[in-house]
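Below: the structure, in structure tokens.
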Protein chains: 2
Amino acid sequence: MDSLGIGALARKAGVRIDTVRYYERSGLLAPKSRLPSGYRRYGPGELARLRFIRRAQALGFSLREIRELLALSKGRDVARVKRTAQTKLADVEARIAALHRVREGLATLIAACPGHGDAADCPILQALGGEGPGASQLPHSPELGAQR
Amino acid sequence: MDSLGIGALARKAGVRIDTVRYYERSGLLAPKSRLPSGYRRYGPGELARLRFIRRAQALGFSLREIRELLALSKGRDVARVKRTAQTKLADVEARIAALHRVREGLATLIAACPGHGDAADCPILQALGGEGPGASQLPHSPELGAQR
DNA sequence: TTACACCCTGGACTATGGTGCAGGGTCATG
DNA sequence: CATGACCCTGCACCATAGTCCAGGGTGTAA
């Protein structure tokens with residue numbers, strides 16, 4: 001039979017055994033069956049599901065979102081799956097935009113810093129430390145704090 | 001005197017009182033002095049430092065990195081401050097690049113998904129779930145998992 | 001003096017995504 | 001049957017950045 005123990009499954013998917021058990025605790029991946037001893041047994045479907053989880057994580061989905069995606073895929077509601085992916089895309093684009101602003105702020109400060117001399121002449125320290133208009137060149141977007 | 005209690009300081013900087021105490025525990029911000037009762041007292045320097053911390057966070061620095069930045073600024077080693085900022089800039093740029101790959105992967109899948117019909121026809125589910133070449137259109141960069 | 005806002009410490013708890021360990025039981029090979 | 005690899009459960013722990021609470025003490029003004 002092409003059924004796998006937890007160790008073989010983990011090796012095939014490139015994750016740790018503990019991670020597989022963690023996913024099970026999190027309601028993401030249940031074994032196909034159990035031996036009378038309690039040993040978990042997995043089939044090819046479980047391997048595919050585990051790979052799904054890893055790939056979705058690489059796309060920036062959280063485990064909670066992946067759980068929803070898996071539930072959706074069981075209901076074969078393709079429209080909702082697509083909408084979820086679209087929402088995620090918008091989210092990723094917002095994060096990119098926020099990071100662009102961070103990059104501009106940093107680049108501006110680095111360009112203005114002589115790289116030597118007294119700390120009082122360093123715009124990086126000035127801009128961050130000042131309470132006056134010196135800080136106005138920094139991005140101020142609220143969502144930057146929400147960078148998960 | 002223009003010295004502040006912890007509540008006034010927190011209000012001026014737009015953070016919570018607990019957060020100020022948390023920063024103190026983390027070695028980021030010590031009070032200027034204490035009353036005999038133990039009450040913390042802060043001067044304008046501490047307010048500036050607290051604002052520094054918040055702005056640096058908005059630039060994507062972690063508290064650990066901010067602690068290093070603050071230590072550096074005390075040593076007035078401007079060159080090292082600049083190098084730290086440059087390292088952070090490279091880090092931000094790598095995160096942007098990783099998110100770009102995520103975006104391309106998602107956009108490709110969304111474009112190919114009909115948005116209706118059977119789940120078997122949904123490339124989002126297919127690409128994620130398959131173990132064959134279907135997954136090859138997805139980004140595979142290892143640093144994506146390391147998205148802090 | 002009383003009222004009330006403010007402050008103290010220490011510890012528990014939140015969410016996320018795991019990792020590690022103790023103390024056992026089981027499976028397969030020689 | 002012995003050995004070693006594998007597996008079980010349950011629990012504690014990691015980092016990050018806080019948040020909240022209990023059970024007190026203090027500062028100030030009417």
Side-chain angles (χ1 to χ4, degrees), chain A residues 1 3-42 46 50 52-68 70 91 95 142-148, chain B residues 1 3-42 46 50 52-68 70 91 95 142-148:
Chain A
M1 276 157 276
S3 96
L4 302 164
I6 191 170
L9 179 82
R11 261 193 309 280
K12 285 212 178 210
V15 304
R16 305 206 186 192
I17 287 178
D18 291 317
T19 304
V20 176
R21 282 196 278 250
Y22 173 70
Y23 289 166
E24 184 176 344
R25 272 205 306 287
S26 306
L28 286 163
L29 181 70
K32 200 185 65 182
S33 62
R34 296 258 192 167
L35 295 185
S37 59
Y39 280 31
R40 293 164 177 87
R41 291 271 103 190
Y42 300 92
E46 283 70 37
L50 181 49
F52 178 111
I53 293 167
R54 289 262 110 183
R55 292 201 186 99
Q57 269 194 310
L59 283 185
F61 290 87
S62 71
L63 293 188
R64 175 212 295 255
E65 290 167 327
I66 294 167
R67 195 161 46 235
E68 286 158 16
L70 286 165
D91 187 76
R95 278 204 268 167
E143 74 269 37
L144 285 183
Q147 248 174 63
R148 2 341 169 26
Chain B
M1 274 158 278
S3 95
L4 302 165
I6 192 169
L9 178 83
R11 261 193 309 281
K12 285 213 177 208
V15 302
R16 306 208 185 192
I17 287 179
D18 290 315
T19 303
V20 176
R21 282 197 278 250
Y22 173 69
Y23 288 167
E24 184 176 345
R25 272 206 306 288
S26 307
L28 286 163
L29 181 70
K32 200 184 63 181
S33 61
R34 296 257 192 167
L35 295 185
S37 59
Y39 279 32
R40 293 164 178 86
R41 292 272 103 190
Y42 300 92
E46 283 70 38
L50 181 50
F52 178 112
I53 294 167
R54 290 261 111 184
R55 292 202 186 99
Q57 271 193 309
L59 283 186
F61 289 87
S62 71
L63 294 187
R64 176 213 294 258
E65 289 167 329
I66 294 168
R67 194 161 48 234
E68 285 158 17
L70 286 165
D91 187 76
R95 278 202 269 166
E143 75 269 34
L144 285 182
Q147 248 173 65
R148 348 4 162 24

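Note: hydrogens, waters and symmetry copies are ignored here, and every other heavy atom, side chains too, is used. Note that the structure is predicted; figures quoted are calculated from it, not measured.
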Subject >> Smallest separation among heavy atoms of B:Y39 and B:S37, with atom names >> reply: CD1-OG, 3.2 Å
Subject >> For A:E65 against A:F61, the heavy-atom pair lying closest together >> reply: OE1-CA, 3.3 Å
Original post:
Looking at B:L29 and B:L9, what are the two nearest heavy atoms and their distance?
Top reply: CD2-CD2, 4.3 Å
Original post:
When you look at A:L63 and A:Y22, which way does the side-chain contact (heavy atoms from CB on, under 4.5 Å) test go after all the steps?
Top reply: CA-CA 11 Å; A:L63 293 188; A:Y22 173 70; 3.6 Å; yes
Original post:
Near DNA chain D, which residues from residues 18-33 of chain B have a heavy atom under 4.0 Å away?
Top reply: B:D18, B:T19, B:Y22, B:Y23, B:R25
**OP:** Round to a whole Å and report the spacing from CZ of B:R16 to P of D:dT19.
**Re:** 5 Å
Original post:
When B:L28 is tested against each of B:L70, B:V20, B:L50 for side-chain contact (heavy atoms from CB on, under 4.5 Å), which residue passes?
Top reply: B:L70
**OP:** Mind calculating the distance between CZ (A:R34) and C1' (D:dC8) to the nearest angstrom?
**Re:** 8 Å
**OP:** Identify, with sequence neighbours excluded, every residue that meets salt bridge (charged side-chain N to carboxylate O under 4.0 Å, His left out) alongside B:R34.
**Re:** B:E24
Subject >> chain B contact limits on DNA chain C, taken 5' to 3' with a cut-off of 4.0 angstrom to heavy atoms >> reply: C:dC6 to C:dT9
Original post:
Got a sec, which pairs hit salt bridge (charged side-chain N to carboxylate O under 4.0 Å, His left out) with one end in residues 7-17 of chain A, sequence neighbours left out?
Top reply: none
Original post:
Checking all strands, does A:R54 fall into the base, sugar-phosphate, or nothing category for heavy-atom contacts under 4.0 angstrom?
Top reply: sugar-phosphate
Subject >> Which atom of B:Y23 lies closest to which atom of B:Q57, heavy atoms considered >> reply: OH-OE1, 3.2 Å
Pairs under 3.5 angstrom, nitrogen or oxygen only, protein versus nucleotides 23-27 of chain D, please.
| residue | atom | partner | partner atom | Å |
| --- | --- | --- | --- | --- |
| D:dG25 | N2 | B:Y39 | OH | 2.3 |
| D:dT26 | O4' | B:Y39 | OH | 3.3 |
| D:dT26 | O2 | B:Y39 | OH | 3.4 |
| D:dG27 | OP1 | B:S37 | OG | 3.1 |

Original post:
Yes or no on side-chain contact (heavy atoms from CB on, under 4.5 Å) for A:R54 and A:T19, after CA distance, side-chain angles and deciding distance?
Top reply: CA-CA 11 Å; A:R54 289 262 110 183; A:T19 304; 4.2 Å; yes
Subject >> Test side chain to side chain contact (heavy atoms under 4.5 Å, CB included) applied to B:R21 - qualifying residues, sequence neighbours left out >> reply: B:I6, B:I17, B:D18, B:R40
Subject >> Whole angstrom value for the distance that separates P of D:dT16 from CD1 of B:I53 >> reply: 16 Å
Original post:
Under 4.0 Å: is that the gap between some side-chain N or O of A:R40 and OP1 or OP2 of D:dT9?
Top reply: yes
Original post:
Can you name the nearest heavy-atom pair linking A:S3 to A:R41, along with the distance?
Top reply: OG-NH1, 3.2 Å
